[in-house]
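All heavy atoms count here, side chains included; hydrogens, waters and symmetry mates do not. All ligand and atom numbering here is 1-based and tracks the order in the structure.
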Amino acid sequence: MFDDKKVIFSGMQATGNLTLGNYLGALKNWVKLADEYMTFYCVVDLHSITIRQDPAEFRKRARNLLALYIAAGLDPEKNCIYYQSHNPDHAELGWILDCYTYVGELQRMTQYKDKAAKHADNINAGLLTYPSLMAADILLFQTEYVPVGVDQKQHLELARNLAERFNAIYGDTFVVPDIWLGKTGRKIMSLQEPDKKMSKSDENPNASIYLMDDADTIRRKFKRAVTDSVGVVRYCEEQPGVSNLIDIYCACTDKTTEECEKEFAGLGYGQFKEAVGEAVVGVLQPLHDRFEEIIKDKDYLDKVILENADKSYYYAEKTMRKVRKKIGFPERPRRS
Ligand code: AQP
């Protein structure tokens, strides 16, 4: 808790092109929480170098992502929007928490196993310790809730364990965080293989809707989305493709599953898929327009970046002073 408000923290990697999954599973929910909580939303660029990045492309993507946060509706006066690498406390607490995390815990992480298999030529130590850095991101701000997609549940469980472990050794230091899941869009699946998560790095471009896809591309991808031969718009385990489309439709229109099933009862998949495509275009088009305005305004973005880096450091230091003292690091001399 800071300034009498409970804290929300979340972040995204500036790797690849953001998908509709990233938006509906995370970003869209972040916007809803800004009034009630003190919010920190960061571009987790330290995490991104666990995979090799082209420097110029990486810098551009990170800035685009920050602009996209604002375009999605996050007012940088009310939400602290910043780059992880601009606040050195993330790396410091990340290292500290590494020393309280067991290697076995990290090796069990599904994301580590998946990424290690995908990048077998570069299984670096950062790929393994990714979750303890993520725990540091969260614990640094005495975070109460972390709005993420359901794929991050395992990492969040580790953050909770680390908070409890540290508190048990040194006394109350960190708030133990909880995951915050939206009602819809918790796990958006691939449009081509609905048993797989929609992901930035999918090699099939028709499997994912990218946030920067134009309207015609979005419509075309939904037309090609895999369904089934049942022919009924119904949310159930046996119809994963159709259920995924229902989830997307509901997340974009704020309708319930029942309302959606009723709306498309007796209609064919063609009509249903067209409606889903239109609903997504309706959400993403304003986002594109706003993004184009923001990314052009260099002075405005630079000001946001500077002010919010300072703000994040101010609050992170409150926690770090406690942590350093509890561990027994020597007091830092004051600079005159
Ligand atoms: N398909 C999804 N459905 C719902 N939420 C999702 N998120 C990611 N994919 C889905 C949520 O988006 C946030 C940002 O995640 P990230 O930047 O850490 O990226 P990621 O989870 O690594 O995303 P990808 O698309 O899976 O990237 P690649 O392909 O590079 O591994 C998180 O809150 C996540 O839950």
Salt bridge between Asp151 and Lys187, side-chain N to carboxylate O under 4.0 Å? no
- Heteroatom proximity flag, Gly149 to ligand 1, N/O under 3.5 Å: yes
Are the side chains of Tyr83 and Ile305 in touch, meaning some heavy atoms are under 4.5 Å apart?
yes
Is there side-chain contact between Leu18 and Met12, with heavy atoms separated by less than 4.5 Å?
yes
Given the options Lys153, Glu157, Gln152, His155 meets side-chain hydrogen bond (donor to acceptor under 3.5 Å, both in side chains) only with Gln152
Counting from 1 in the order shown, the ligand 1 atoms closer than 4.0 Å to a non-hydrogen atom of Val148 are 33 (O), 35 (O)
of all protein heavy atoms, closest to atom 28 (P) of ligand 1 is Ser201 OG, 3.5 Å
Residue, atom and distance of the protein heavy atom nearest atom 14 (C) of ligand 1 read Met12 CG, 3.3 Å
Subject >> Asp202 N/O under 3.5 Å from ligand 1 N/O >> reply: no
For the residue pair Ser208 and Asp202, confirm or rule out a side-chain donor-acceptor distance under 3.5 Å. no
inquiry  = For Tyr315 and Phe40, take the angle between the two ring planes, folded into 0 to 90°, and tell me which bin it lands in: parallel under 30, tilted 30 to 60, perpendicular over 60.
reply    = perpendicular
Q | Any N/O pair Gly21/ligand 1 closer than 3.5 Å | A | yes
Checklist entry - Between Lys6 and Glu36, does at least one N-O distance fall below 4.0 Å, as a salt bridge requires? => result no
Of Lys197, Arg186, Lys200, the residue with the heavy atom nearest atom 21 (O) of ligand 1 is Lys197
For atom 17 (O) of ligand 1, the closest protein heavy atom turns out to be Gln13 N, 2.7 Å
* Ignoring angles and geometry beyond distance, decide whether Gln111 reaches within less than 3.5 Å of ligand 1 through its nitrogen or oxygen atoms. => no
### Message
I'd like to check whether Thr19 has a polar contact with ligand 1, where a contact means an N/O of the residue lying under 3.5 Å from an N/O of the ligand.
### Response
no
Ligand 1 atoms nearer than 4.0 angstrom to some heavy atom of Gly185 are 4 (C)
Within the structure, does Ser10 bring an N/O atom to less than 3.5 angstrom of an N/O atom in ligand 1?
no
Any heavy atom of Ala26 under 4.0 Å from ligand 1? The part involved is side chain
For Gly25, the atoms of ligand 1 under 4.0 Å from one of its heavy atoms are 4 (C), 5 (N)
What I'd like to find out is whether the side chain of Gln107 reaches to under 4.5 Å of the side chain of Glu105, using heavy atoms alone. no
The protein heavy atom nearest to atom 8 (C) of ligand 1 is Asn22 ND2, 3.1 Å
Q. How are the rings of Trp30 and Tyr41 set relative to one another: parallel (under 30°), tilted (30 to 60°) or perpendicular (over 60°)?
A. parallel
Nitrogen or oxygen of Ile188 less than 3.5 angstrom from that of ligand 1:
yes
Under a 4.5 Å cut-off applied to non-hydrogen side-chain atoms, are Ile96 and Phe329 in contact?
yes
Note: Lys187, heavy atoms under 4.0 Å from ligand 1, region reported as backbone
Original post:
How are the rings of Phe166 and Tyr170 set relative to one another: parallel (under 30°), tilted (30 to 60°) or perpendicular (over 60°)?
Top reply: tilted
Short version for Asp151: what comes under 4.0 Å of ligand 1, heavy atoms counted, is side chain
| query | ligand 1 and Lys115, any nitrogen or oxygen pair closer than 3.5 angstrom? | reply | yes
pair Leu191-Arg224: side-chain heavy atoms closer than 4.5 Å: no
